[in-house]
Amino acid sequence: MRIRKLSIHNFRNLKATAMQNLDDFNFIHGLNGSGKTSILESVHTLALTRSFRSRKMQTVISFNEDSLTVRGEFDTQFSPATESSDTLSSIGVRRSRQDLVLVKVNGEKLASVGELAGVLPVQVINPASFELLEGSPGVRRQFLDWGVFHVKHSGFYELWPRYRKALQQRNSLLRRGNIEASVLAPWDAELAATATLITAARLRHFKELAAVFDGVYRQLLANCVLPSADDKPSAVAQSVPALSLEFSGGWKDFDSVSFAEALRLDLAQDLKSGFTRNGPHRADIDLRCGRLRAGEVLSRGQIKTIVCALKLAQSKVLLSQGIPTVFLIDDLAAELDEGRCSAVFSALVELDVQVFATAVKASDLRDDWCGGRSLKRFHVEHGNVEALV
């Protein structure tokens, strides 16, 4: 699946932009503030109806305009993600200042954003991505849920709002103070039911991710030549400490204690605290070197390489299920040295995904990183996008 034409209207400083004949790799360069990152944001909006930089889409709409529109046209080929013989030819998204959302796939209006699950997964690698190891558990939950959301029939898009609503109602009751357990019972039942399904979906995806992560990470390092005495890639790979990935469901002994039981055991403390202290809303991924958190002991370069490996591994898992990913890479050269950048792009070539990548200078994105796959370059200046021959 490839986006072949991208039309953008009133998206930040991109007033009316059409990018045609898009290739496997699409390199976009321009000065900071020129609008190159806005192109990546628009592709993300095409996939999830929102930017990866801001959930407040009113701030993304061009000044003095009432709405923005993004439309993508695709290769006319069979898409396994749709589980039918229908082809994906186009997606259109319109967002208004009144927060109205209109989504059309192949010209047909969708009833909900959830129907976009699996249609156009986009994976973002930008400076904010590196909070995956050093940031809060919420960042890692969002990463994990991205994968779960795009798996057809996981039901995650419907389950999570149900869980959040029940959690809010239970917390509201807990804040009242001393109340009977029977008052909480309906919300406890809803929380337990949805928590079981949410955790099962997350755990399935996590196990698949963990199974392929180490191989992707080692391959990334094997292709990465860093300055050293002998300048051998193998020396780089051998110098990396052993890593382990663990999943926490959000409550103690989640793999052997049901959430219904955990709620019962935690009731006294929840009443004292005035909120539900444990549950899927506290789930996390723990990546460690021995007994220590990886984010606390690894170098910045190692952390960033691990994050890239996690993103690549997650997309490899989806690809194994017939769901291809589009990668949006924002100024990777500012975050990683040339050797690591080259290794990341080698992995992207092997995944056979479509890539949109930005840089300040054209030379920061090298032709040979594309491994012989088709490449198109664009220059952006003051919101004007020019295709380079």
Side-chain angles (χ1 to χ4, degrees), residues 52 55 123-151 154-157 159-164 166-168 170-171 191-192 194-214 216-217 241-263 265-266 269-270 273 275-298 300 302-315 317-318:
F52 57 81
R55 289 183 177 270
Q123 189 75 272
V124 179
I125 298 179
N126 67 347
S129 301
F130 303 114
E131 287 295 305
L132 190 54
L133 258 65
E134 300 173 307
S136 68
V139 178
R140 291 180 287 278
R141 280 195 299 275
Q142 185 179 29
F143 164 76
L144 188 64
D145 290 348
W146 179 91
V148 179
F149 170 79
H150 286 101
V151 175
S154 71
F156 184 83
Y157 185 81
L159 287 168
W160 186 242
R162 281 179 54 190
Y163 177 86
R164 293 293 301 177
L167 181 66
Q168 290 169 1
R170 188 176 194 268
N171 287 344
L191 282 174
T194 52
T196 299
L197 297 173
I198 288 169
T199 302
R202 283 174 168 171
L203 187 57
R204 281 195 300 271
H205 182 63
F206 172 80
K207 288 180 177 179
E208 293 168 341
L209 175 67
V212 302
F213 166 73
D214 188 66
V216 172
Y217 183 46
L243 300 170
S244 64
L245 281 171
E246 295 183 4
F247 171 71
S248 168
W251 68 95
K252 187 177 180 181
D253 300 324
F254 76 94
D255 52 347
S256 58
V257 176
S258 71
F259 190 47
E261 179 66 7
L263 287 172
L265 295 173
D266 290 344
Q269 285 298 319
D270 286 352
S273 302
F275 62 92
T276 308
R277 298 174 305 117
N278 298 306
H281 58 289
R282 294 294 181 90
D284 198 0
I285 296 175
D286 194 11
L287 197 148
R288 291 181 176 266
C289 297
R291 295 184 177 181
L292 300 175
R293 292 184 181 275
E296 297 174 353
V297 297
L298 297 180
R300 294 292 294 172
Q302 287 174 325
I303 288 172
K304 292 174 180 179
T305 305
I306 289 171
V307 169
C308 289
L310 284 168
K311 298 266 186 176
L312 291 162
Q314 190 177 52
S315 292
V317 168
L318 289 188

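Bear in mind that the values here come from a model prediction, so they are computed numbers and not experimental data. The first residue of the sequence shown is numbered 1, and numbering continues consecutively from there.
Side-chain contact between Leu318 and Ser315 is absent, with no heavy atoms from C-beta onward closer than 4.5 Å. Between Trp160 and Val148 the shortest side-chain heavy-atom distance does not fall below 4.5 Å. Looking at His281 and Thr276, their side chains come closer than 4.5 Å, going by heavy atoms from C-beta outward. Looking at Cys308 and Ile125, their side chains come closer than 4.5 Å, going by heavy atoms from C-beta outward. Under the 4.5 Å side-chain criterion, counting only non-hydrogen atoms from C-beta, Phe259 is not in contact with Thr199. In this structure the side chain of His205 reaches within 4.5 angstrom of the side chain of Leu144, judged on heavy atoms. With contacts defined as side-chain heavy-atom distances shorter than 4.5 Å, the pair Leu243/Cys289 qualifies.
In this structure, the separation between CG on Asp253 and CH2 on Trp251 is 11.0 Å, given to the nearest 0.5 Å. Here Arg162 contributes atom CZ and Leu167 contributes atom CG; the two are 14.0 Å apart, rounded to the nearest 0.5 Å. The CG atom of Leu209 lies 14.5 Å from the CZ atom of Arg204; values are rounded to the nearest 0.5 Å. Atoms CD1 and CG, from Ile198 and Leu203 in turn, are 13.5 Å apart once rounded to the nearest 0.5 Å.
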> So Ile306 and Phe213, side-chain contact (heavy atoms from CB on, under 4.5 Å) or not? Walk me through it.
Replying inline: CA-CA 9 Å; Ile306 289 171; Phe213 166 73; 4.0 Å; yes
> So Leu197 and Tyr163, side-chain contact (heavy atoms from CB on, under 4.5 Å) or not? Walk me through it.
Replying inline: CA-CA 10 Å; Leu197 297 173; Tyr163 177 86; over 6 Å; no
> So Asp270 and Arg170, side-chain contact (heavy atoms from CB on, under 4.5 Å) or not? Walk me through it.
Replying inline: CA-CA 10 Å; Asp270 286 352; Arg170 188 176 194 268; 3.1 Å; yes
>> Working note: Leu310 + Leu133, criterion side-chain contact (heavy atoms from CB on, under 4.5 Å); need CA distance, chi angles, decisive distance, verdict.
In response: CA-CA 10 Å; Leu310 284 168; Leu133 258 65; 4.0 Å; yes
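Not one N or O on the side chain of Gln269 forms a donor-acceptor pair closer than 3.5 Å with the backbone of Arg277. Judged by distance alone, with hydrogens and angles left aside, the side-chain atoms of Ser129 form a donor-acceptor pair with the main-chain N or O of Val124 at under 3.5 Å.
Pairing each heavy atom of Arg288 with each of Asp286, the nearest pair is NE-OD2, 2.5 Å. Between Val257 and Ala262, the closest heavy-atom pair is CG1-N, 4.1 Å. Smallest separation of non-hydrogen atoms from Ile285 and Leu245: CG2-CD2, 3.9 Å. Heavy atoms only, all atoms of each residue included: Ala283 and Gly249 are closest at CB-O, 3.6 Å.
Annotation: side chain to side chain donor-acceptor pair (under 3.5 Å) contacts involving residues 139-151, sequence neighbours excluded, comprise Arg140-Asp284, Asp145-Arg202.
Between Glu134 and the options Lys304, Arg300, Arg293, a salt bridge (charged side-chain N to carboxylate O under 4.0 Å, His left out) holds for only Arg300.
Note: Phe254 and Phe247 have perpendicular aromatic rings, judged against thresholds of 30 and 60 degrees for the angle between ring planes.
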